[in-house]
Amino acid sequence: MIQRPRGTRDILPPESRLWHAVEATAHRVFQAFGAEEIRTPTFEHTELFVRSVGETTDIVHKEMYTFADRKGRSLTLRPEGTAGVARAFLENALQDRPLPLRLYYMGPMFRYERMQKGRFREFRQIGLEILGAASPLADAECLLVLFEFFQALGFQDLVVHLNNLGDPPDRAALGHCLREFFTPHAAQLCSDCQRRLEENPLRVLDCKVPSCQELAHRAPTVEAVAGEASKAHVAEVEELLRRLDIPYQRNPRLVRGLDYYVRTVFEVVAPQWGPSTVICGGGRYDRLLADLGGPDLPGVGFAVGEDRLVEILPESFRNAVFGEARLQLVPLGGASAAALELARKLVRQGVPVDVEVGGRSLKAALKRADKLRRRWVAILGEEELAQRVVSLRDLTEGAQRLVPWEQLAQALAGGQNREPARHQGTGSQH
RNA sequence: GUGAGCGUAGCUCAGCGGGUAGAGCGCUGGACUGUGGCUCCAGUGGUCGAGGGUUCGAAUCCCUUCGCUCACCCCA
């Protein structure tokens, strides 16, 4: 038996409805704020990710799905979304459109990693980029759109963790400072951090090992070396967040893994999953477009991990999705063809219908409707057919009455399903 | 890349001091010929992850391998 490749998943019904609903919500909210969807390739030239994400990052270092095509070109399955959007922006000269441009995307990303809870080799991200706006207003708008999205999904308790990473010269200076600070205490650091001290001292700041954390808390932060410009920029973002009542928390040890970030960086963690489970990460990347050979235009954006988001979706949203009323239409005897006609009529009126085409007995059909937690069953037998009615049964109460076909849509209007059926997880477990 | 745990029916698992593969749930049907949920009955379902070894005989003991999961690193 052939199994799915490691790190991929089958998203089965009814779970797939949640994914659809999350994506529909994203389209609606993002578009309401003036963003438009961009679809870019799932794979790009390897060089794009090496140059944008950064050569020293783990993503490029050891997590890319890189392969040579038949002509020997090096291609890579995209590990994140921003690089492709930036490339498409430049390639299609979108800087000649009215700026800023708000672009959003959703789709699969790929990273070659060992499997773990909430971590996949193929996972989905929903992201937004605002290109061509240097103002802190753009950073704040990003977070505003993000939180309106969360709000529409029913989240109540999410908090943004926010930091200033400074401008590029500041980052270099901070690296120096941190090396000077940590080197005398190197013996106290974990072995990973001793390595980080050489390669990327910023990463020591968010190590989870207690002894490292203790040191990190006393280490100099970006504030010590950041220029006035970046400080003022992030302070203004904070001011706007307060004004908008978006809950945030300044975290001076927050460091993001991608090299292109400057100034504002942020992430949102799932409260019930502990501090390491990031469901959204983002920040400002003012140098990225220029580094890719384009005009010197700023950008800011975020990406939400859809897999993790679906995992922690509030009950309210799940219930709304699974509670959608559907009519189960059961034909008896020779009424099957008429049932299909009736189903077409109802669907055109906006009523979702399942026709029982299994040819089973009424008893079996009712049993099935009950298993599916359907509320309404319409029985169409010879007698009903002759009178152009159905027997409409309400499975919640067991009540049943005859309803003419023309009034069926109206009789069902506003009806909710019964409590959602319990279902299996995501198909990712075996 | 490092460390740990686990692989028996579609799902959750029992069986492991070697002796003919089990239960619950699910699915299908029946008891109840056009009326669900509860109950009862029947049916359906498995190269015991794979390969090798020990043995008269292995799901069970030994070795190898593959797969899955969790943690670390890092991230969505």
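Just so we're on the same page: letters track the sequence lines, and every chain starts at 1. Atoms considered below: every heavy atom in the structure, side chains included; atoms not considered: hydrogens, waters and symmetry mates.
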Quote, to the nearest angstrom, the [atom1] distance that separates [N] from [M].
N       : M       : atom1 : answer
rG37(B) : rC61(B) : C1'   : 49 Å
rG30(B) : rU69(B) : P     : 40 Å
rG10(B) : rG18(B) : P     : 28 Å

Quiz item: For the residue pair V353(A) and A343(A), what are the closest heavy atoms and their distance?
Solution: CG1-CB, 4.1 Å
Self-check item: Heavy-atom closest contact (G84(A) atom, T40(A) atom, distance)
Solution: O-CG2, 3.9 Å
Assigned partner base of [N], Watson-Crick or wobble definition, under 3.5 Å:
N       : value
rG3(B)  : rC70(B)
rC27(B) : rG43(B)
rG51(B) : rC63(B)
rA21(B) : none
rC38(B) : none

Does a side-chain N or O of [X] approach OP1 or OP2 of [N] to a distance below 4.0 Å, or not?
X       : N       : answer
K371(A) : rC27(B) : yes
R256(A) : rA76(B) : yes
R6(A)   : rC68(B) : yes
R114(A) : rC73(B) : no
Q3(A)   : rG67(B) : no

Exercise. With Y65(A) as reference, evaluate F49(A), F43(A), Y112(A) under the ring-ring contact (aromatic ring centres under 6.0 Å, His included) test and give the passing residue.
Key: Y112(A)
Quiz item: Of all of residues 382-391 of chain A, which get a heavy atom below 4.0 angstrom from RNA chain B, listed by number?
Solution: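 RNA chain B contact set from residues 382-391 of chain A: E382(A), E383(A), E384(A), S391(A).
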Quiz prompt | Stretch residues 75-86 of chain A: residues that reach within less than 4.0 Å of RNA chain B through a heavy atom | solution =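 Those residues: none at all.
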Quiz item: F147(A) vs F150(A) aromatic rings, parallel, tilted or perpendicular, using cut-offs 30° and 60°?
Solution: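 F147(A) vs F150(A) ring planes: perpendicular.
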Quiz item: If we ignore angles and hydrogens, is there a donor and acceptor under 3.5 Å between the side chains of E238(A) and Y248(A)?
Solution: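 Per modelled atom types, E238(A) and Y248(A) side chains form a pair under 3.5 Å.
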Quiz prompt | Side chain of K62(A) (C-beta onward), nearest among rC73(B), rA76(B), rG30(B) | solution = rC73(B)
Quiz prompt | Donor-acceptor pair, side chain of D10(A) and main chain of L12(A), under 3.5 angstrom | solution = no
Atom [atom1] of [X] to atom [atom2] of [N]: distance rounded to whole Å?
X       : N       : atom1 : atom2 : answer
K367(A) : rG34(B) : NZ    : P     : 12 Å
F120(A) : rC68(B) : CZ    : P     : 13 Å
R368(A) : rG37(B) : CZ    : P     : 15 Å

Quiz prompt | Close side-chain approach of L412(A) and L392(A), heavy atoms under 4.5 Å | solution =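 In contact.
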Exercise. Confirm from the modelled atom types if K363(A) and rC32(B) form a donor-acceptor pair under 3.5 Å, side chain to base only.
Key: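 Present.
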Quiz item: Does R102(A) have any side chain to side chain contact (heavy atoms under 4.5 Å, CB included) partners at least two apart in sequence or in another chain, and if so, which?
Solution: A35(A), I130(A), E141(A)
